[in-house]
Student: 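Okay, here's the structure, questions in a sec.
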Amino acid sequence: MINTQKDNLFVLVKSLSKSEKRQFKLYVGRLGVNTDSKFLALFNLLDKLSTYNETEILKSNIVKKAQLSNLKAHLYKQILISLRLNPSHQNIRIQIREQLDFATILYHKGLYKQSLKILDKAKSVAIDHEEKNIAYEIVELEKLIESQYITRSISGRADELTIQAKQLSMENVVASKLSNLSLQLYGILLKTGYVKNDEEYKIITNYFNDKLPKFSIENLGFREKLWLYKSYLWYSFLVQDFLSSYKYAKKWVDLFYENKAMINLNPVFFLKGNHYLLEALFFAKHYTKFKQTLHRLETIIHMQDFPKDDNIEALSFLYIYNNKLNLHFLEGTFAEGIPLVDEISEGIKIYKNRIDEHHIMLFYYKIASLYFGAGDHKKCIEFLERIIGNRSLKMREDLMCFSRILSLIAHYESGLDYHLDIQLKSTYKFLIKMDDLHEVQKDMIHFLKGLGDIYPHEIKKEFIKLYEKLKVYEDDPYERRSFLYLDILSWLESKIQNKPVAEIIQEKFKMLKH
């Protein structure tokens, strides 16, 4: 389990690559007096420690307890300065910001023409790369210099800058409103989950329409379109409109393929767009498009010119392996997917400080589902226990709920009747606290509770009854999501037909392909 209380400085030091550590020491050593500095000694000590230990730091006599906080803050700042100087971190945004800083220095030195020359070049680069917030800052500095009538600039310059500032300001306002809407919708998704009835659908739809700014699509640039598609995507996910989710996720990804330079400038948004596109295709069971999209994404990630940094590597791992698991779920090839478990477990160790706990728990749920499909119910229970026993998981009660239901089914399948009774009591206590249970969840729990009272010769009849009851919900707009978390219908079919669940899903997959 991730320790969220780790010291920020220690985490930063441990995140550095060998070349970044070497550069930091060179940066510190640029002046001879720094080679024995306390902050370098602290850096070397933290680099050697396997876990953060303040007692160990104080024992080293590098610093007294009263001074430790200040020294850590100083070291943190120096590491960031060193990283900023590293060529691998010199992206377009940093380069433009650097030029703006240079122009500001020249302005304060009274070298106005030199300052304006740098600003003009930086502005062109910013506009070309859709960095309109920085472009607006540049125009405002240009206006400041020109307003002093020092440069005797060409006639009409004031009008030109005023029009440019107004245009950039309008575009930034639209982008800001759309980004706010996108973030607010995502916040609603995390807080309350997907809509559960017509009343909630109306509330979310009215909220979306009220907050959506007026715009003309032909006047929107790359950045504004990106936030627009993100807003529509989150709305589509909230109302569980998977077709619309696919439509806007595809628009998001196509926007990058139509503006290839933006892939390198915004690799995180590129990765996220592809992930949501794959998620929409998975929900809609579009196998061929899913497989093609996943292959295309993997190919691009492994290209030499695709950006590489710690954040991108962590996200690439998260999205690729999530969707590799989803591919096995679509195909019903559970046993073939088991080798992924070791790869994912190793990846979690490597990226544990960069992946939030919820996503790790989601990995565990999918791994548990993989083992369940492969018929290894004890392994399934083992991974579900990591979720159920996690007392710090604050979000996504639905994940916890389905983990408990799958655990009940796995206990039943493995013949652990005594444990099943304990699990049922524990699950009921948990579910009482949840006030948004779906009908599928309620029926499943009711069925499992009554299993002990059913005679063996009547069990098949009860499975058929439950199947017929749940089958009605398969196309219900507010209930169907339950089947995406846990394919209860296929499990019931496997019990009715006396076949492995993997075989049932594989048969459905063959029909899906045709």
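Just so it is clear, the model here is predicted, and its values are computed rather than measured.
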Student: Would you please say whether a donor-acceptor pair under 3.5 Å links the side chains of Q164 and E160?
Tutor: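 Short answer, no.
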Student: Might you work through the side chain to side chain donor-acceptor pair (under 3.5 Å) test for E357 and N390, ending with a clear yes or no?
Tutor: CA-CA 10 Å; E357 193 173 22; N390 187 338; 2.9 Å; yes
Student: Taking the basic N atoms (NZ, or NE/NH1/NH2) and the acidic carboxylate oxygens, is any pair closer than 4.0 Å for E131 and R93?
Tutor: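 Salt bridge between E131 and R93, a charged N being under 4.0 Å from a carboxylate O: yes.
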Student: If I take atom CG from residue L141 and atom OG1 from residue T104, how far apart are they, to the nearest 0.5 angstrom?
Tutor: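 One finds 5.0 Å between CG of L141 and OG1 of T104.
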Student: CG/L40 to CG/D47 distance, rounded to the nearest 0.5 angstrom?
Tutor: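 The CG atom of L40 sits 10.5 Å away from the CG atom of D47.
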Student: Counting N and O atoms only, with roles assigned by atom type, does the side chain of N264 sit under 3.5 Å from a partner on the main chain of D305, one being a donor and the other an acceptor?
Tutor: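 Pair found, side chain donor or acceptor close to backbone of D305.
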Student: If only atom types and distance count, is the side chain of T299 paired as donor or acceptor with the main-chain N or O of H295 below 3.5 Å?
Tutor: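 Present.
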Student: When rounded to the nearest 0.5 angstrom, what distance separates CG in L265 from CZ in F222?
Tutor: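 Interatomic distance, L265 CG to F222 CZ, rounded to 0.5 Å: 8.0 Å.
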Student: Is it the case that E200 and Y194 place a side-chain donor and acceptor less than 3.5 Å from each other?
Tutor: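 Result is no, nothing qualifies.
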Student: Please check this pair: side chain of W252 against backbone of F269, looking for a donor-acceptor N/O pair closer than 3.5 Å.
Tutor: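 Indeed, once roles are kept as given, a pair shorter than 3.5 Å links the two residues.
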Student: Mind checking the CD-CG spacing from E313 to D309? Nearest 0.5 Å is all I need.
Tutor: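 Spacing of CD (E313) from CG (D309) equals 7.5 Å.
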Student: Parallel, tilted or perpendicular for Y276 and W234, by the 30°/60° rule?
Tutor: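 The rings of Y276 and W234 stand perpendicular, inter-plane angle above 60°.
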Student: Got a salt bridge between E142 and K123, using NZ or NE/NH1/NH2 to carboxylate O under 4.0 Å?
Tutor: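 A salt bridge is present here (some side-chain N lies under 4.0 Å from a carboxylate O).
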Student: Mind checking whether F317 and F363 have ring centres under 6.0 Å apart?
Tutor: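 Yes; F363 has its ring centre under 6.0 Å from that of F317.
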Student: Looking only at side-chain N and O atoms, does R223 offer a donor or acceptor that is under 3.5 Å from a partner on N172?
Tutor: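 Checked: N172/R223 side chains pair up, N/O donor to acceptor below 3.5 Å.
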Student: Can a donor-acceptor pair be found, under 3.5 Å and without considering hydrogens, that links the side chain of H302 to the backbone of E298?
Tutor: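 Here the side-chain-to-backbone pair exists.
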Student: Would you call the rings of Y287 and F509 parallel, tilted or perpendicular, taking 30° and 60° as the class edges?
Tutor: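 Plane angle over 60°, so perpendicular.
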Student: Ignoring hydrogens and angles, tell me if any N or O in the side chain of K14 forms a donor-acceptor pair with the backbone of L49 under 3.5 Å.
Tutor: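 At least one qualifying donor-acceptor pair exists.
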Student: Using 30° and 60° as the class limits, which term best fits the ring planes of Y248 and Y232: parallel, tilted or perpendicular?
Tutor: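 Rings of Y248 and Y232: parallel, as their planes differ by under 30°.
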Student: With under 30° as parallel and over 60° as perpendicular, where do the rings of F329 and F334 fit, or are they tilted in between?
Tutor: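 Geometry flag for F334 against F329: tilted rings.
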Student: Relative to the ring of Y257, is the ring of F270 parallel (under 30°), tilted (30 to 60°) or perpendicular (over 60°)?
Tutor: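 If you compare the ring of F270 with that of Y257, the planes turn out perpendicular.
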Student: Side chains of N323 and H275 only: does a donor on one sit below 3.5 Å from an acceptor on the other?
Tutor: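 Yes, H275 and N323 have a side-chain donor paired with an acceptor closer than 3.5 Å.
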Student: Do E279 and N326 get their side chains close enough for a donor-acceptor pair, meaning under 3.5 Å?
Tutor: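 Side chains of E279 and N326: no pair found under 3.5 Å.
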Student: Hey, what do you get for CG (D7) to OH (Y76), rounding to the nearest 0.5 Å?
Tutor: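 If we round to the nearest 0.5 Å, D7:CG and Y76:OH are 9.5 Å apart.
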Student: Looking only at atom types and distance, does a side-chain atom of S82 sit under 3.5 Å from a main-chain N or O of Q78, one as donor and one as acceptor?
Tutor: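 Pair absent, no side-chain N/O of S82 close to backbone of Q78.
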Student: At their closest point, which heavy atom of L178 faces which heavy atom of S231, and how far apart are they?
Tutor: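 Nearest heavy atoms, L178 then S231: O-OG, 3.1 Å.
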Student: Given the rule in the salt bridge (charged side-chain N to carboxylate O under 4.0 Å, His left out) test, do E20 and K25 qualify, once you have shown the distances and angles that lead to the verdict?
Tutor: CA-CA 9 Å; E20 287 169 340; K25 290 176 182 179; over 6 Å; no
Student: Test of understanding: with ring-ring contact (aromatic ring centres under 6.0 Å, His included), list the residues that count as partners of Y235, not counting sequence neighbours.
Tutor: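 With sequence neighbours excluded, Y235 shows a ring-ring contact (aromatic ring centres under 6.0 Å, His included) to F208, given in chain and number order.
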Student: Against the six-membered ring of Y351, is R354 placed for a cation-pi contact (under 6.0 Å from the centre, within 45° of the normal)?
Tutor: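 Negative - R354 is either too far from the ring of Y351 or too far off its axis.
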Student: Under a 3.5 Å threshold, yes or no: a donor from one side chain and an acceptor from the other, between S236 and S244?
Tutor: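 Yes, because at least one side-chain N or O of S236 sits under 3.5 Å from a partner of the opposite role on S244.
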Student: Would you confirm whether E224, through its side chain, and G221, through its main-chain N or O, come within 3.5 Å as a donor-acceptor pair?
Tutor: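 At least one qualifying donor-acceptor pair exists.
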Student: Where the side chain of T205 meets the backbone of Y201, is there a donor-acceptor pair that is under 3.5 Å apart?
Tutor: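 Confirmed, T205 side chain pairs with Y201 backbone.
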Student: Examine distances only and state if a side-chain atom of D120 and a backbone atom of L116 form a donor-acceptor pair shorter than 3.5 Å.
Tutor: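 Such a contact is absent between D120 side chain and L116 backbone.
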Student: Decide yes or no on salt bridge (charged side-chain N to carboxylate O under 4.0 Å, His left out) for E140 and K143, but give the supporting numbers first.
Tutor: CA-CA 5 Å; E140 286 300 303; K143 282 164 62 181; 2.9 Å; yes
Student: Say you draw a straight line from OG of S403 to CD1 of I387; how long is it, rounded to the nearest 0.5 Å?
Tutor: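 The OG atom of S403 sits 3.5 Å away from the CD1 atom of I387.
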